[in-house]
2 protein chains.
Amino acid sequence: MLADDPRTRLIETALDLFGQYSFDGVSTRMLAERAEVNLAAIKYYFGSKEGLYLAVAEQIVQHVGQFLGPRMAKVQESLDGDELTKEESFNLLCELLEFFITRLLALPETGKWLKIIFREQLCPTQAFDILFDGFMRPLDQVLFGLVARIVGRNEDDLEVRLRVFSIMGQIQVFNVSPSSIKRTLNWDQYNPDNLEAIRCVIMDNLNGIFSMSRNGVCSAQTR
Amino acid sequence: MLADDPRTRLIETALDLFGQYSFDGVSTRMLAERAEVNLAAIKYYFGSKEGLYLAVAEQIVQHVGQFLGPRMAKVQESLDGDELTKEESFNLLCELLEFFITRLLALPETGKWLKIIFREQLCPTQAFDILFDGFMRPLDQVLFGLVARIVGRNEDDLEVRLRVFSIMGQIQVFNVSPSSIKRTLNWDQYNPDNLEAIRCVIMDNLNGIFSMSRNGVCSAQTR
DNA sequence: GTCTATAGTCGGATAGAC
DNA sequence: GTCTATCCGACTATAGAC
């Protein structure tokens, strides 16, 4: 479970603990104990508790990069190649969002990141810059590009950007409000059946949202 | 600015501070100083720091109740009266969501609640029960009722509920990811122009999402 | 590089005067 | 009810041995 070198052990433990509790909710003693390193190792490797937290942010960027990198690169390539039709853009967008739903929501590891990310959204620290530049901005750029082609507008058009945010909100809500959703639906956790139901609804919404922009063609499977 | 009695002063100060920082990020000394009460008053009135935090949750429920109560009651009345058409239900839903956008996002005070609420979603404590029973469940019930009528299904239908969550997610994202949205759009804060743009996009999405369910009639103004 | 030991600070809670 | 004074545990950071 725990990595060999103390540095990695500390980062991985910190990812868990800072995610579960917040920065202030975790003590350096707790971190050292769980990571099975000496308390002084935090100062040695990271300078301070804050330094460790920033290292965790960079770790998140790396993880997300491994996770999304290949997919984003593929889409970016299609965008650069130009001459994507509305239909092709729509299908690429659907694939990307399906990936978020079936993977991001499913993996328990991603829950760790996501809590840290959303806390940084609510109360940004220095770590937010790392996260934003590391993967938020690039991801948004790809989504802007796809939606811009679907609706036939420019990538920096306000409507395009708001459309992207609102669409991502439909998925994020399942990460951000898990407690009330799970309580209301009597779900203890997300499983393949749950995720399939969520996927269907989101895909159906997407079809509706862009039905005017495309030519009435509904290619995404909604059930 | 500060209320007369120490009890109220403490609750209002705590609402601010627990919202801005988290529970762990705020000390009792900070609370007492800002509320201009003695440190011992926290124990006297609330028993402990946790007790004060729970009192804050109840305060949030009260505030939200004053805010949403009349509107929810009106809609609930329509639902109970029965024989709402799809079109009427859709219009009631639009009105409710427009209210969330133009009011909830606009008021700086609501930002205080919202941070506490979302932190409780991510890491529920005893306070979550208060919030959930206090207004989340009732609000969801109303939304389930409206959407159920729009799509012609039962209120406890899974698809209906997921549809409601996904729709609310479109709005919540502007509360939950304010940092990246504001940074991307170069917005320093939400103002009437911003909110109008958001409202248009959400209403347009809503029209699309429910375009199959209703009879092709688009009554909501999207611009 | 890794550890122990501890300095120095700040946390929540509370006893007891008024 | 309000306040001062204080307890005592927990915190981060760090000095210095090995």
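Letters go in sequence order (proteins before strands), and every chain restarts at 1. Predicted model, so just to flag it, every value in this text is computed and none were measured.
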Nearest whole angstrom, please: distance from the [atom2] of [N] to the [atom1] of [X].
{"X": "A:Asp24", "N": "C:dT9", "atom1": "CG", "atom2": "P", "value": "20 Å"}
{"X": "B:Glu36", "N": "D:dT2", "atom1": "CD", "atom2": "P", "value": "14 Å"}
{"X": "B:Leu10", "N": "D:dT2", "atom1": "CG", "atom2": "P", "value": "10 Å"}
{"X": "B:Glu33", "N": "D:dT2", "atom1": "CD", "atom2": "C1'", "value": "17 Å"}

CA sep, side-chain torsions, deciding dist, call: A:Arg137, B:Thr184, side chain to side chain contact (heavy atoms under 4.5 Å, CB included): CA-CA 8 Å; A:Arg137 198 205 307 267; B:Thr184 301; 5.9 Å; no
Where protein sits on nucleotides 12-18 of chain D, one letter per nucleotide: B base, S sugar-phosphate only, - none, heavy atoms under 4.0 Å: BBB----
Salt-bridge contact A:Asp16-A:Arg34 (side-chain N to carboxylate O under 4.0 Å):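 Result for this pair is no, no salt bridge flagged.
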N-O pairing of A:Glu159 and A:Arg153 below 4.0 Å: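 Salt bridge: yes.
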Residue-phosphate contact under 4.0 Å: A:Tyr45 side-chain N/O, C:dT2 OP1/OP2: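 Looking at the OP1 and OP2 atoms of C:dT2, one of them is under 4.0 Å from a side-chain N or O of A:Tyr45.
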Which pairs would a plain distance check flag for residues 51-68 of chain B, meaning a side-chain donor or acceptor within less than 3.5 Å of a matching protein atom at least two apart in sequence or in another chain?
{"residue": "B:Tyr53", "atom": "OH", "partner": "B:Glu120", "partner atom": "OE2", "Å": "2.5"}
{"residue": "B:Gln59", "atom": "NE2", "partner": "B:His63", "partner atom": "NE2", "Å": "3.4"}

CD (B:Gln76) with more than 12 external heavy atoms under 6.0 Å: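 Atom CD in B:Gln76 is crowded, with more than 12 foreign heavy atoms closer than 6.0 Å.
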Neighbour count >12 (heavy atoms, 6.0 Å) for atom CD, A:Gln126: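 Open: at most 12 neighbouring heavy atoms sit under 6.0 Å from CD of A:Gln126.
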